Amino acid sequence: MSENLKTIRELADELGVSKTAINKKVSDSERKQWFSKNGNRFLVNENGQKAIRIMFSSGIDNHKSKTENTYQQPESKTENFENANLKHSDIDYLNDIIKYQNAQIEDLKETKSQHFKQLNQMQNLLDQQQRLALQDKQLLEEYKAEIKDLKALTMAPHDGEKEVTSDKQPEPENSTPESQPKPKKWWHFGK
């Protein structure tokens with residue numbers, strides 16, 4: 001047997017229809033020609049697969065109302081029950097997704113509010129830093145003005161001393177190195 005055999009379920013999945021729809025389309029005489037039983041499964045030979053594919057490709061155009069009825073009306077009570085369970089499980093799954101997404105939204109809202117609080121704190125700190133920098137600059141300007149005033153006071157001699165210093169001639173200093181004080185070194189490696 002070199003034939004490529006498929007089960008009814010495989011063929012139904014490939015065509016996107018149910019097993020029942022295939023069984024309804026195939027007549028008893030065609031079933032005898034195309035189907036063979038292997039254990040508890042019916043296998044469809046290649047000729048049957050081609051014929052069934054043709055039936056459903058032309059059946060989509062010609063028998064649209066039948067396929068719609070197949071999807072709308074369950075063919076048995078067990079299918080109806082399975083569809084209800086499937087729909088109920090789908091609803092539960094969607095409800096779980098909605099709950100999870102709502103939890104994510106709440107988490108994102110909380111994160112957003114925390115970021116706004118941090119942003120406000122950083123803005124306040126930046127304002128405070130700018131005010132302190134301005135105060136430091138003003139204090140520095142005041143100190144510079146005071147230092148300038150003090151230098152002006154120390155540089156300007158008093159009126160009485162002015163006359164005395166102008167009368168005196170500067171004395172020549174001894175140019176010997178011993179008479180001049182030695183400059184102190186600021187480093188003390190050996191000591």
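Not measured: the values here are computed from a predicted model.
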**Asked** At what distance, to the nearest 0.5 angstrom, does CG of Asn38 lie from CG of Leu5?
**Response** 8.5 Å
Donor-acceptor list for residues 105-115 side chains, cut-off 3.5 Å, not counting sequence neighbours:
| from | atom 1 | to | atom 2 | distance (Å) |
| --- | --- | --- | --- | --- |
| Thr111 | OG1 | Asp107 | O | 2.8 |
| Ser113 | OG | Glu110 | O | 2.8 |
| His115 | ND1 | Thr111 | O | 3.3 |

**Request:** Applying side chain to side chain donor-acceptor pair (under 3.5 Å), name anything that partners Gln121, two or more places apart in sequence or on another chain.
**Result:** none
**Prompt:** Who else is in Tyr143's hydrophobic cluster (ILVMFWY, side-chain heavy atoms under 4.5 Å, direct or via others)?
**Reply:** Leu139
**Request:** Would you give the length of the straight line joining atom CG of Leu11 to atom CD1 of Ile22, rounded to the nearest 0.5 angstrom?
**Result:** 4.5 Å
**Asked** For Leu125, what residues pass the side chain to side chain contact (heavy atoms under 4.5 Å, CB included) criterion, not counting sequence neighbours?
**Response** Gln128
**Message:** Could you work out, with side chain to side chain donor-acceptor pair (under 3.5 Å) as the rule, every residue matching Asn40, not counting sequence neighbours?
**Reply:** none
**Request:** List for me each residue that meets side chain to side chain contact (heavy atoms under 4.5 Å, CB included) alongside Phe42, sequence neighbours excluded, and say none if there are none.
**Result:** Ile8, Phe35, Lys37
**Item:** Side chain proximity check, Gln129 to Leu126, heavy atoms < 4.5 angstrom
**Value:** yes
**Asked** Take atom CZ in Arg41; do more than 12 heavy atoms of anything else shown fall under 6.0 Å from it?
**Response** no
**Message:** Ser27: which residues meet the side chain to side chain donor-acceptor pair (under 3.5 Å) condition with it, sequence neighbours left out?
**Reply:** Ser29, Glu30
**Asked** Restricting to pairs with a member in residues 11-20, which pass salt bridge (charged side-chain N to carboxylate O under 4.0 Å, His left out), not counting sequence neighbours?
**Response** Lys6-Glu14, Glu14-Arg53
**Item:** Separation of Leu119 CG from Asn124 CG (nearest 0.5 Å)
**Value:** 9.5 Å
**Message:** Taking CD in Gln130 as the centre, count heavy atoms belonging to other residues, nucleotides or ligands within less than 6.0 Å. Is the count above 12?
**Reply:** yes
**Message:** Filter on salt bridge (charged side-chain N to carboxylate O under 4.0 Å, His left out), then keep only pairs touching residues 91-102, sequence neighbours left out; what's left?
**Reply:** none
**Message:** Please list all pairs meeting salt bridge (charged side-chain N to carboxylate O under 4.0 Å, His left out) that have one or both residues in residues 127-141, counting only residues at least two apart or in different chains.
**Reply:** none
**Message:** Checking Arg9 now: which residues fulfil salt bridge (Lys or Arg N to Asp or Glu O under 4.0 Å) with it, not counting sequence neighbours?
**Reply:** none
**Prompt:** In Å and rounded to the nearest 0.5 Å, what is the CE to NZ distance from Met55 to Lys24?
**Reply:** 15.0 Å
**Complete:** Correct closest heavy-atom pair for Asn45 and Gly48 would be OD1-N, 2.8 Å
**Asked** Got a sec, which residues hit side chain to side chain contact (heavy atoms under 4.5 Å, CB included) with Gln138, two or more places apart in sequence or on another chain?
**Response** Leu134
**Asked** Should Asn120 and Lys117 be marked as a side-chain contact (heavy atoms from CB on, under 4.5 Å) after you check the CA-CA gap, both sets of side-chain angles, and the distance that decides it?
**Response** CA-CA 5 Å; Asn120 286 336; Lys117 286 178 185 176; 5.8 Å; no
